[in-house]
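Working notes for the structure below.
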Amino acid sequence: MAENKMREKRNPNLPEWFKLDNAASVFPGQNTGTWSNIFRFCMELREEIDPDILTKALENIMPRFPGFDVRIRKGLFWYYFEKNPNVAPDVKPDIQNPCHRVKFKENKGFLFRVYYHGKRVAVDTYHAITDGHGAAVFSCTLVAEYLKLCGHSITPGGLVLDTNEAPKKAELEDTFSKIANSKGKIKRSDKYVYHAKGTKLPKHMVNIISGTMSFGDIHKYTKEHGVTITEFFAALLLQVHIEKQRKESKKQKEVSVQVPIDLRSVYKTETLRNFTICLRTKVDPQLGDYSFEELLKQVAYQLRLANDEKKLNAMVTANMGLERNPVLKFLPLAIKDTGVGISFLITGEQTTTVLLSNIGAVKLPEDMLPLVEKVVFMPGPGVRNAVRCGLATVGDNLVFTVASIVKETDIEKEIFTRLVKMGFHVKVESNRD
């Protein structure tokens with residue numbers, strides 16, 4: 001009771017409860033005993049982490065992030081968040097197989113986990129509470145607070161929030177429901193595509209291989225070829241998977257890369273909840289052989305054509321259908337969960353060969369930047385996708401990370417071999433070293 005009273009005093013701006021946003025509404029129904037939609041954001045500093053100071057830093061910033069300061073509850077028709085009576089989850093030593101499934105009653109009810117190892121701080125986040133941007137803001141603010149407690153002077157700015165400010169109402173906004181107003185129709189189905197073969201790892205295990213490169217070198221190459229860094233790596237993933245499929249089977253399916261798009265670049269919003277939507281770029285190997293330059297053009301054309309405000313709005317509006325449908329809206333939650341679970345088992349990831357999520361340049365205050373070595377962003381392992389990939393950049397360090405659910409590492413080796421042959425210096429690290 002005393003802790004609850006302290007909690008009320010510490011965080012008076014936290015609403016009693018609020019709904020899951022539109023993107024988050026499907027994630028609880030997709031949970032299984034071995035898988036949840038989780039991703040990781042970690043920062044490697046230039047000094048060893050003190051877990052006691054990290055614990056204090058986490059407790060200090062929790063009132064600033066009401067969207068993280070929650071536990072999930074079941075209603076009759078929908079899940080909802082309510083404020084968590086606990087101060088913060090425990091800070092723990094890092095584990096070899098991160099992003100493991102969520103159980104709502106574990107971890108003091110919190111839907112994110114904080115780990116440390118050596119010079120690294122890692123935050124594993126359940127996608128229901130936020131997307132990559134929101135997790136980056138939370139993680140950067142946590143590390144900034146940690147550095148301040150260690151005696152460094154850190155000025156708020158970039159992805160580091162001022163913890164002395166009260167949370168803004170706009171940061172808890174479900175922006176999907178605010179912008180969804182399209183009357184256009186959007187195609188929701190797609191062909192089943194190629195999935196790389198391999199020996200599945202035991203449940204809860206994941207192979208993680210990261211390659212650190214010079215952002216300047218990659219940026220110079222992409223600028224010369226008229227593409228973005230995301231488009232460059234998407235084309236590379238297409239090429240590697242096209243060639244892998246040719247070795248595996250005579251029957252050739254389409255190969256696709258799923259790319260989450262941060263809608264904050266299109267719509268002005270301060271929300272720290274989910275506000276991304278996924279686009280796909282794909283090629284059909286049956287049409288013939290593609291050079292890398294041709295793949296770059298295909299990817300750039302397809303993603304830029306799809307990344308249009310009107311088309312994006314139509315996609316968001318279509319996704320709002322479940323919430324707005326007068327019949328489905330009031331179906332009991334147990335039936336909704338069953339439907340979402342079955343749908344995910346049948347079609348989940350079937351239209352995606354590989355996922356590529358680029359968190360982009362991590363903007364930090366000038367006085368914090370020299371204290372950070374690199375940032376790693378990793379989507380959690382998939383169910384059918386052999387690999388999922390993440391990109392993050394801070395300073396001149398660009399890190400490309402592959403999370404794999406198969407024992408073989410031929411895809412990762414081929415990706416980094418091609419990068420080296422293109423003239424890029426790559427430092428490779430793995431959780432299996």
Thr228 backbone acceptor or donor facing Thr222 side chain under 3.5 Å: no
Atom pair CZ (Phe138) and CZ (Phe65), whose distance is rounded to the nearest 0.5 Å: 6.5 Å
Arg418-Gln239 side chain donor-acceptor pair, cut-off 3.5 Å: yes
Centroid-centroid under 6.0 Å between His133 and Phe275 rings: no
Minimum-distance pair of heavy atoms, taken over all atoms of Asn274 and Ala23: CB-CB, 3.9 Å
N/O donor-acceptor pair under 3.5 Å between Thr281 side chain and Leu303 backbone: no
Pairwise side-chain contact, Leu295 with Val283, heavy-atom cut-off 4.5 Å (strictly under): yes
Check: Thr130 side chain, Leu272 main-chain N or O, donor-acceptor pair, under 3.5 Å: yes
Under 3.5 Å: donor-acceptor pair, side chain of Asn97, backbone of Val206: yes
Asn431 (side chain) donor-acceptor with Gln96 (main chain) under 3.5 angstrom: yes
Rounded distance (nearest 0.5 Å) linking atom OG1 of Thr269 with atom CG of Asp174: 9.5 Å
NZ (Lys203) with more than 12 external heavy atoms under 6.0 Å: no
Side-chain touch His425/Ser214, heavy atoms, less than 4.5 angstrom: no
Test item: side-chain donor near acceptor, Asn319 and Asn22, under 3.5 Å: no
Under 3.5 Å side-chain donor-acceptor pair for Gln298 and Gln302: yes
Stepwise salt bridge (Lys or Arg N to Asp or Glu O under 4.0 Å) test for Lys168 and Glu270: CA-CA 9 Å; Lys168 300 177 183 178; Glu270 295 182 88; 3.0 Å; yes
Side chain to side chain, His195 and Asn385, heavy atoms closer than 4.5 Å: yes
Spatial distance of atom CG (Asp69) from atom CZ (Phe110) [nearest 0.5 Å]: 5.5 Å
Distance-only side-chain donor-acceptor flag, Ser210 / Thr401, under 3.5 Å: yes
Derivation and outcome, side chain to side chain contact (heavy atoms under 4.5 Å, CB included), residues Tyr221 and Met422: CA-CA 10 Å; Tyr221 179 96; Met422 293 171 74; 3.3 Å; yes
Exercise: do Asp367 and Ser153 side chains pair donor with acceptor under 3.5 Å: no
Intermediate values then yes/no, side chain to side chain contact (heavy atoms under 4.5 Å, CB included), Leu20 and Trp78: CA-CA 8 Å; Leu20 278 66; Trp78 300 100; over 6 Å; no
Modelled atom types, side-chain donor and acceptor of Asp262 and Thr276, under 3.5 Å: no
Glu82 and its salt bridge (charged side-chain N to carboxylate O under 4.0 Å, His left out) partner, picked from Arg73, Lys19, Lys74: Arg73
Tyr301, OH: over 12 other non-hydrogen atoms inside 6.0 angstrom: no
Inter-residue atom distance Ser139.OG - Arg40.CZ, 0.5 Å rounding: 10.0 Å
Donor-acceptor pair between Thr352 and Ser256 side chains, under 3.5 angstrom: no
Reported CG-to-NE2 distance for the pair Leu45 and His152, which is rounded to 0.5 angstrom: 8.5 Å
Contacts of Ser36 that satisfy side-chain hydrogen bond (donor to acceptor under 3.5 Å, both in side chains) - sequence neighbours left out: Asn31
Sub-4.5 Å side-chain heavy-atom contact between Met378 and Phe41: no
Sub-4.5 Å side-chain heavy-atom contact between Leu371 and Arg46: no
pair Leu172-Thr271: side-chain heavy atoms closer than 4.5 Å: no
Met320 vs Phe176 side-chain heavy atoms within contact, under 4.5 Å: yes
Donor on one side chain, acceptor on other, Glu145 and Asn60, under 3.5 Å: yes
Name of the residue among Asn84, Asp90, Asn86 meeting side chain to side chain donor-acceptor pair (under 3.5 Å) with Lys108: Asp90
Leu142 versus Ala57, closest heavy-atom pair with distance: CD1-C, 3.9 Å
Parallel, tilted or perpendicular: ring planes of Phe400 versus Phe233, cut at 30 and 60 degrees: parallel
Backbone N/O of Gly198 and side chain of Lys407: donor-acceptor pair under 3.5 Å: no
Leu58 vs Tyr146 side-chain heavy atoms within contact, under 4.5 Å: no
Could you list the donor-acceptor pairs under 3.5 angstrom formed by side chains in residues 112-120, with sequence neighbours left out?
from: Arg113; atom 1: NH1; to: His100; atom 2: O; distance (Å): 3.2
from: Arg113; atom 1: NH2; to: His100; atom 2: O; distance (Å): 3.3
from: Arg113; atom 1: NH2; to: Arg101; atom 2: O; distance (Å): 2.7
from: Arg120; atom 1: NE; to: Asp94; atom 2: OD2; distance (Å): 3.2
from: Arg120; atom 1: NH2; to: Asp94; atom 2: OD2; distance (Å): 2.9

Side-chain donor/acceptor of Asp131 to backbone N/O of Gly134, under 3.5 Å: yes
Chi angles and distances behind the side chain to side chain contact (heavy atoms under 4.5 Å, CB included) call for Ile277, Leu312: CA-CA 8 Å; Ile277 200 160; Leu312 294 172; 3.8 Å; yes
Pairing residues for Thr55 by the side chain to side chain contact (heavy atoms under 4.5 Å, CB included) criterion, not counting sequence neighbours: Glu59, Val91
Heavy atoms from other residues, nucleotides or ligands near NZ of Lys297 exceed 12 (cutoff 6.0 Å): no
Pair Glu408-Thr199, side-chain donor/acceptor within less than 3.5 Å: yes
Arg64-Thr141 side chain donor-acceptor pair, cut-off 3.5 Å: no
Trp17 and Tyr80 aromatic ring geometry - parallel, tilted or perpendicular at 30°/60° bounds: perpendicular
No-hydrogen, no-angle side-chain donor-acceptor test under 3.5 Å, Asn313 and Asn181: yes
Distance (rounded to the nearest 0.5 Å) between Asp337 CG and Gln30 CD: 10.5 Å
Glu224, CD atom: more than 12 neighbouring heavy atoms under 6.0 Å: yes
Check: His241 side chain, Leu237 main-chain N or O, donor-acceptor pair, under 3.5 Å: yes
Side-chain donor or acceptor of Glu294 paired with backbone N/O of Ser291 under 3.5 Å: yes
N/O donor-acceptor pair under 3.5 Å between Trp35 side chain and Pro381 backbone: yes
Check against side chain to side chain contact (heavy atoms under 4.5 Å, CB included), Leu355 and Val257: CA-CA 6 Å; Leu355 179 140; Val257 180; over 6 Å; no
